[in-house]
Asks: 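Quick one: the structure is below, and I'll ask about it shortly.
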Amino acid sequence: MTIVAVHGIANHQSGRSPDEAAAELSTQWGPKLRRGFTSAGLDDHPLPPLHVAYYAHHTIAAERQAGVPNLNSLGEQEQAIVVAWALSMGSPTLQERQGLATAPLRQLLSWVSQRRGIPLTTVTRLAVRLAGEVRRYLHVPEVRAAAQSVVAELIRRARPQVVLAHSLGSVVAYEALHAHPDLAVDCFVTLGSPLGLPGGVFDHLVPAPLADRGARPAGVGYWVNLADTGDLVAIPHRLGDRFPVYQHADTPMGTLDFHTFGTYLSSPLTAAAIAPFVGQPQIPDRVGKS
């Protein structure tokens with residue numbers, strides 16, 4: 001039995017080969033997942049090895065690897081992603097939306113900062129990183145293919161019962177599983193996912209959504225979505241409104257670390273979601289779809 005973890009944005013491991021980076025992240029995240037099992041009262045529950053699908057060397061722009069996040073460095077596609085993301089942050093009135101849609105990016109992010117009570121520097125840093133990696137993944141075909149290949153190859157080799165996909169990794173994993181319908185995963189868990197982000201992500205998915213609904217990958221048995229209520233990337237929180245998610249929960253998990261993979265892995269919600277699929281033969285009833 002194995003678990004595959006697919007990382008999200010801001011996980012590029014400078015100076016390491018992809019294999020070394022994957023091993024390093026696995027070393028960091030395995031204990032956090034165990035902590036989540038302990039928090040859920042599952043200390044004695046078997047927990048299989050965690051293998052990381054590392055693709056950040058494809059989605060990080062070389063010229064930005066060591067740079068400070070800078071709004072002035074964003075191209076048109078990246079700016080459009082930031083605008084779509086910011087405008088999905090809280091249901092502004094029509095008049096607000098029209099004004100904000102044409103406002104300078106700094107003013108738009110200042111609105112997000114004030115609305116969410118998060119420092120502008122934090123919001124700006126997150127926006128630049130999100131826009132850069134999402135743009136490269138969604139709009140550079142060779143990057144998209146390479147990232148999906150990393151995920152699909154590891155799933156094919158490791159044959160995991162569970163795939164934990166965080167942030168942009170949930171988009172990569174979702175598309176990789178669609179592209180390879182022969183890959184079977186008992187439980188697919190999306191964590192802090194922007195899959196439903198209108199304009200920025202949802203409208204660019206492959207396969208394209210039909211009637212404003214995304215499809216479950218053929219090889220996925222059970223789909224769980226978890227979102228920290230303070231997560232600025234998991235917009236909108238409820239994927240069940242646009243995807244056939246069987247189980248959904250959004251709850252406060254962190255304050256400063258509201259979008260880190262470690263925060264999600266350490267949550268008892270994550271442990272409870274995957275426990276039936278690791279070390280247990282039974283599959284929970286698919287009732288009460290969200």
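Just so we're clear, the structure is a prediction, and the values are computed from it rather than from any experiment. Side chains are part of it too, since the values below use all heavy atoms of this structure and drop only hydrogens, waters and symmetry mates.
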Asks: Working to the nearest 0.5 Å, report the span between CD of Gln77 and CZ of Arg135.
Replies: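 Answer for the CD-CZ pair, Gln77 versus Arg135, is 6.0 Å.
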Asks: I would like to know whether Leu205 and Phe243 meet side chain to side chain contact (heavy atoms under 4.5 Å, CB included); could you show each step before the answer?
Replies: CA-CA 12 Å; Leu205 292 174; Phe243 295 89; 3.8 Å; yes
Asks: How would you list, by chain and number, every residue that makes a ring pair (Phe, Tyr, Trp, His ring centres under 6.0 Å) with His58, sequence neighbours excluded?
Replies: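 Testing His58 for ring pair (Phe, Tyr, Trp, His ring centres under 6.0 Å), a comparison that skips the adjacent residues, returns none.
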Asks: Which residues pass the side chain to side chain contact (heavy atoms under 4.5 Å, CB included) test with Pro49, not counting sequence neighbours?
Replies: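 Here the qualifying residues are His51.
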Asks: On the 0 to 90° scale, with breaks at 30° and 60°, tag the Tyr174-His178 ring pair as parallel, tilted or perpendicular.
Replies: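 Geometry flag for His178 against Tyr174: perpendicular rings.
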Asks: What's the shortest heavy-atom distance between Leu50 and Ala5, and which atoms?
Replies: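 Smallest heavy-atom distance, with atoms named: CD2-CB, 3.9 Å.
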Asks: What are the two closest non-hydrogen atoms of Val112 and Ala86, and how far apart are they?
Replies: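 For Val112 versus Ala86, the nearest heavy atoms are CG2-CB, 3.7 Å.
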Asks: Tell me, please, which residues at least two apart from Asp44 pass salt bridge (Lys or Arg N to Asp or Glu O under 4.0 Å).
Replies: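 Applying salt bridge (Lys or Arg N to Asp or Glu O under 4.0 Å) to Asp44 gives none.
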Asks: List for me each residue that meets side chain to side chain contact (heavy atoms under 4.5 Å, CB included) alongside Ala127, sequence neighbours excluded, and say none if there are none.
Replies: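 Counting only residues at least two positions away or on another chain, Ala127 forms a side chain to side chain contact (heavy atoms under 4.5 Å, CB included) with Val82, Trp85, Leu109.
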Asks: Between Arg34 and Asp43, is there a donor-acceptor pair closer than 3.5 Å when you use the side chain of the first and the backbone of the second?
Replies: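 Side chain of Arg34 to backbone of Asp43: a pair is present.
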Asks: Are the side chains of Tyr55 and Val143 in touch, meaning some heavy atoms are under 4.5 Å apart?
Replies: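 Contact flag for Tyr55/Val143 side chains = no.
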Asks: Within the structure provided, determine whether Val128 and Leu71 are in side-chain contact (heavy-atom separation under 4.5 Å).
Replies: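 The answer is yes; the side chains approach within 4.5 Å.
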Asks: Rounded to the nearest 0.5 Å, how far does CZ of Phe188 lie from CZ of Arg216?
Replies: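 Output value for this atom pair is 11.5 Å.
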Asks: Verify the distance criterion only: is there a donor paired with an acceptor across the side chains of Thr190 and Asn225 at less than 3.5 Å?
Replies: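 Yes, because at least one side-chain N or O of Thr190 sits under 3.5 Å from a partner of the opposite role on Asn225.
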Asks: Quick one: are Leu154 and Tyr54 in side-chain contact, heavy atoms under 4.5 Å?
Replies: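 When only atoms from C-beta onward are counted, Tyr54 and Leu154 do not touch, as no gap falls below 4.5 Å.
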Asks: Considering non-hydrogen atoms only, spot the tightest contact between Val6 and Ala173 and give its length.
Replies: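 For Val6 and Ala173, the tightest heavy-atom pair comes out as CG2-CB, 4.3 Å.
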Asks: Does any part of the side chain of Val83, heavy atoms only, come nearer than 4.5 Å to the side chain of Leu105, both counted from C-beta?
Replies: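 With C-beta onward as the side chain, the pair touches.
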Asks: Supply the atom-to-atom distance Ile3 CD1 to Leu33 CG, rounded to the nearest 0.5 angstrom.
Replies: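 Rounded to the nearest 0.5 Å, the CD1-CG separation comes out at 5.0 Å.
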Asks: Going by heavy atoms in the side chains, are Asp250 and Asp231 under 4.5 Å from each other?
Replies: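 Heavy-atom side-chain distance check fails, nothing below 4.5 Å.
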Asks: Is the closest side-chain heavy-atom distance between Leu126 and Ile9 below 4.5 Å?
Replies: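 In contact.
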Asks: Just one of Glu20, His12, Gln13 clears the side-chain hydrogen bond (donor to acceptor under 3.5 Å, both in side chains) bar with Arg16, so which one?
Replies: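 With Arg16 as partner, Glu20, His12, Gln13 yield a single side-chain hydrogen bond (donor to acceptor under 3.5 Å, both in side chains), made by Gln13.
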Asks: Tell me the closest heavy-atom pair linking Ala53 and Val4, and the distance in Å.
Replies: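 Scanning both residues, the minimum pair turns out to be CB-CG1, 4.5 Å.
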Asks: Is there a chain of hydrophobic side chains (I, L, V, M, F, W, Y, each step under 4.5 Å between heavy atoms) that links Val233 to Leu120?
Replies: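 Yes, one cluster joins them.
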Asks: Test side chain to side chain contact (heavy atoms under 4.5 Å, CB included) on Val171 and Leu168 and set out the steps.
Replies: CA-CA 5 Å; Val171 181; Leu168 176 59; 4.1 Å; yes
Asks: What heavy-atom pair brings Leu177 and Pro217 nearest, and what distance separates the two atoms?
Replies: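 In this case the closest contact between Leu177 and Pro217 is CB-CB, 3.7 Å.
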Asks: Is there a side-chain contact between Asp241 and Pro236 in this structure, where contact means two heavy atoms from C-beta onward sitting under 4.5 Å apart?
Replies: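 Side-chain contact under 4.5 Å: no.
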Asks: Distance check, rounded to the nearest 0.5 Å: Tyr264 atom OH versus Ser193 atom OG?
Replies: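 That separation rounds to 9.0 Å.
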Asks: State, without any angle test, whether Ser267 and Thr270 hold a side-chain donor-acceptor pair at a distance under 3.5 Å.
Replies: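 No, no side-chain donor-acceptor contact under 3.5 Å.
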Asks: If I take atom CD from residue Glu78 and atom CG from residue Leu130, how far apart are they, to the nearest 0.5 angstrom?
Replies: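 Separation between the atoms: 10.5 Å.
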Asks: First locate atom OG of Ser88, then atom CG of Leu232, and finally report the distance between them rounded to the nearest 0.5 Å.
Replies: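 The OG atom of Ser88 sits 12.5 Å away from the CG atom of Leu232.
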Asks: Please answer whether the main-chain N or O of Ser167 pairs with a side-chain N or O of Ser170 as donor and acceptor at a distance below 3.5 Å.
Replies: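 Flag set: sc Ser170 to bb Ser167 pair under 3.5 Å.
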Asks: Please give me the minimum heavy-atom distance between Pro209 and Gly214, naming the atom from each residue.
Replies: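 Of all heavy-atom pairs spanning Pro209 and Gly214, the closest is CB-N, 4.2 Å.
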Asks: Going by ring-ring contact (aromatic ring centres under 6.0 Å, His included), name the pairs with one or both residues in residues 13-44, residues two or more places apart or in two chains.
Replies: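 ring-ring contact (aromatic ring centres under 6.0 Å, His included) check on residues 13-44 returns Trp29-Phe261, Phe37-His45.
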Asks: Are any side-chain N or O atoms of Arg129 and backbone N or O atoms of Ala10, one a donor and one an acceptor, separated by less than 3.5 Å?
Replies: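 Checking the backbone N and O of Ala10 against the side chain of Arg129, no donor-acceptor pair under 3.5 Å is found.
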Asks: Could you please spell out the steps behind the side chain to side chain contact (heavy atoms under 4.5 Å, CB included) verdict for Leu87 and Leu108?
Replies: CA-CA 8 Å; Leu87 291 180; Leu108 182 58; 4.1 Å; yes
Asks: Would you say that Ile155 contacts Pro160 through its side chain, given a criterion of any heavy-atom pair below 4.5 Å between the two side chains?
Replies: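 A side-chain contact exists here, since the closest heavy-atom pair is under 4.5 Å.
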Asks: Restricting to pairs with a member in residues 137-164, which pass side-chain hydrogen bond (donor to acceptor under 3.5 Å, both in side chains), not counting sequence neighbours?
Replies: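 Residue pairs passing side-chain hydrogen bond (donor to acceptor under 3.5 Å, both in side chains), neighbours aside: Tyr137-Gln148, Tyr137-Glu175, Arg144-Glu175, Gln148-Glu175, Ser149-Glu153, Arg156-His180, Arg156-Asp182.
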Asks: Give a yes or no on whether the backbone of Ala22 and the side-chain of Ser26 come within a donor-acceptor separation of less than 3.5 Å.
Replies: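 Side chain of Ser26 to backbone of Ala22, a donor-acceptor pair under 3.5 Å: no, none is there.
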